[in-house]
Amino acid sequence: MSIETAIEAAKEAGRLIRQRVETTKRVETKYTAHDLVTEVDRQAEEIIRQVLHRAHPDHAILGEEGVAPGPEASREALEAHRDYEHLWIVDPIDGTTNFVHGFPYFCVSIALARRGKVELGVIYDPMRDECFTAERGKGARLNGEPIRVSEENDLGMSLVATGFPADYKGARKINTAGLIRLSSRCRNIRTAGSAALHMAYVAAGRLTAFWELELNAWDLAAGSLLVEEAGGRVTDTRGTPYHIGVRHVLATNGRIHEAMLEELRAAEATGFEKQEG
Ligand code: IPD
Ligand code: CA
Ligand code: CA
């Protein structure tokens, strides 16, 4: 079990993604009209599966394109897999909408969980050739060099990112409430369109925090370990420590975590409000 295998898989998929970014793709919609997939997503996942399977034939793989669309199917697939001794969690292209439009902000995300606990994570940005890696207890790196979260102590000095889930009916409205409240309290907000890459940017100190609702294990698993190993904190939007079932995430440099939790609560934008009635 080595991080090199995950890096090899991510870079091999990344080569294909880079080659195809300016070519015509067949775009299909999945769960909603905002949830896109192309043949490149499927081919990239196949490449990753082959590399992982060759090195670890006895490990299980949970890949986005192997799961039926929509939150229910995602939850069920995760439940069916979460206690495996070795489970690879794969998002072949995180930021497919950007990929389709040629907006160069997307990545490959690969994590390995042992009995539900993330042990290694790789996020690869093929356009910048940036490979973010983390192994539990060994720190986080960017192209082999150690990285750390940023040092802002208050919201007013913080650059914060969020994203808009494909389920535009419920979560988008809630997220907009958070966006309105935080936009006047932070230095500024970014929504660049790849949850995994936003997480990697928190780990690298390029963003102070990131939150988003209704994400899946493959969007967050690798990034969660990167942020933690870079000295940051990852919880759900109510403050429960990260686990692979978290869908409403908050990742920060640690220093502004409580303030972010408080603002999301005050804006009724944690994503848990609808369940609470
Ligand atoms: C999406 C991206 C996007 C986020 C969506 C995700 P995909 O993943 O991470 O930034 O806002 O919620 O579904 O579909 O490009 O893999
Ligand atoms: Ca994704
Ligand atoms: Ca994807």
Side-chain angles (χ1 to χ4, degrees), residues 3-18 35-38 40-49 51-52 59-67 74 77-78 81 87-99 104-113 118-136 140-143 147 161 163 165-166 192-204 206-207 210 212 214-230 232 234 242-247 249 251:
I3 197 153
E4 274 70 34
T5 308
I7 295 171
E8 182 195 338
K11 290 195 170 178
E12 211 170 294
R15 257 191 298 280
L16 167 77
I17 295 165
R18 200 165 45 233
D35 191 9
L36 307 183
V37 66
T38 72
V40 187
D41 296 66
R42 298 197 180 102
Q43 288 161 4
E45 181 160 319
E46 193 46 42
I47 289 170
I48 295 164
R49 283 178 182 272
V51 174
L52 297 178
H59 291 188
I61 301 175
L62 175 65
E64 179 179 14
E65 306 313 335
V67 176
S74 302
L78 182 62
H81 286 83
L87 176 66
W88 292 96
I89 303 174
V90 174
D91 192 339
I93 304 180
D94 185 63
T96 297
T97 304
N98 286 345
F99 174 66
Y105 192 85
F106 41 79
C107 65
V108 179
S109 177
I110 301 176
L112 176 68
V118 181
E119 293 294 337
L120 65 85
V122 172
I123 291 179
Y124 180 57
D125 171 350
M127 303 310 286
R128 291 170 195 78
D129 192 27
E130 289 192 327
C131 191
F132 301 87
T133 56
E135 287 177 272
R136 186 168 292 281
R141 293 172 185 275
L142 165 53
N143 290 345
I147 49 174
S194 165
L197 209 46
H198 280 139
M199 296 281 282
Y201 275 33
V202 173
R206 296 172 180 176
L207 287 168
F210 165 67
E212 188 171 339
E214 296 294 355
L215 292 168
N216 290 301
W218 45 78
D219 302 310
L220 295 175
S224 71
L225 188 62
L226 270 157
V227 173
E228 287 175 2
E229 287 294 323
V234 187
Y242 176 80
H243 54 85
I244 58 174
V246 165
R247 298 180 62 81
V249 77

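Just so you know, residue 1 is the first one in the sequence shown, and it goes up from there. Quick caveat, the model's predicted, so the values are computed rather than measured.
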Using a strict 4.0 Å threshold on nitrogen-to-oxygen distance, state whether Arg49 and Glu45 make a salt bridge. yes
Salt-bridge present (Glu214, Arg247; N to O < 4.0 Å): yes
With sequence neighbours excluded, what pairs up with [X] under the ring pair (Phe, Tyr, Trp, His ring centres under 6.0 Å) test?
X	value
Phe99	Phe106
His81	Tyr84
Tyr242	none

Any chance you could measure [X], atom [atom1], to [Y], atom [atom2], to the nearest 0.5 Å?
X	Y	atom1	atom2	value
Glu119	Ile3	CD	CD1	11.0 Å
Ile17	Thr38	CD1	OG1	8.5 Å
Ile93	Gln43	CD1	CD	9.5 Å
Glu4	Leu120	CD	CG	10.0 Å
Ile48	Glu12	CD1	CD	9.5 Å
Leu220	Leu226	CG	CG	12.0 Å

Is there side-chain contact between [X] and [Y], with at least one heavy-atom pair below 4.5 Å?
X	Y	value
Leu142	Cys131	no
Pro126	Arg15	no
Ile123	Val108	no
Leu197	Tyr105	yes
Arg136	Glu228	yes
Glu229	Ile147	no
Phe132	Tyr201	yes
Ile89	Ile110	no

With sequence neighbours excluded, residues passing salt bridge (charged side-chain N to carboxylate O under 4.0 Å, His left out) with Arg206: Glu130
With Glu64, which residues qualify under salt bridge (charged side-chain N to carboxylate O under 4.0 Å, His left out), at least two apart? Lys30
In Leu87, Val90, Asn216, the residue satisfying side-chain contact (heavy atoms from CB on, under 4.5 Å) with Leu62 is Leu87
Mark yes or no for whether [X], through its side chain, and [Y], through its backbone, hold a donor-acceptor pair below 3.5 Å.
X	Y	value
His59	Leu52	no
Asp94	Ala196	yes
Asp41	Thr96	no
Arg42	Glu65	no

Heavy-atom pair with the smallest gap, counting every atom of [X] and [Y]:
X	Y	answer
Val234	Ser224	CG2-O, 3.7 Å
Gly245	Leu78	CA-CD2, 3.6 Å
Ala222	Gly121	CB-CA, 3.8 Å

Do Ser109 and Tyr124 pass the side-chain contact (heavy atoms from CB on, under 4.5 Å) test, and can you show the C-alpha distance, the side-chain angles, and the key distance before you say yes or no? CA-CA 7 Å; Ser109 177; Tyr124 180 57; over 6 Å; no
Using side-chain hydrogen bond (donor to acceptor under 3.5 Å, both in side chains) as the criterion, list what pairs up with Arg128, not counting sequence neighbours. Asp125
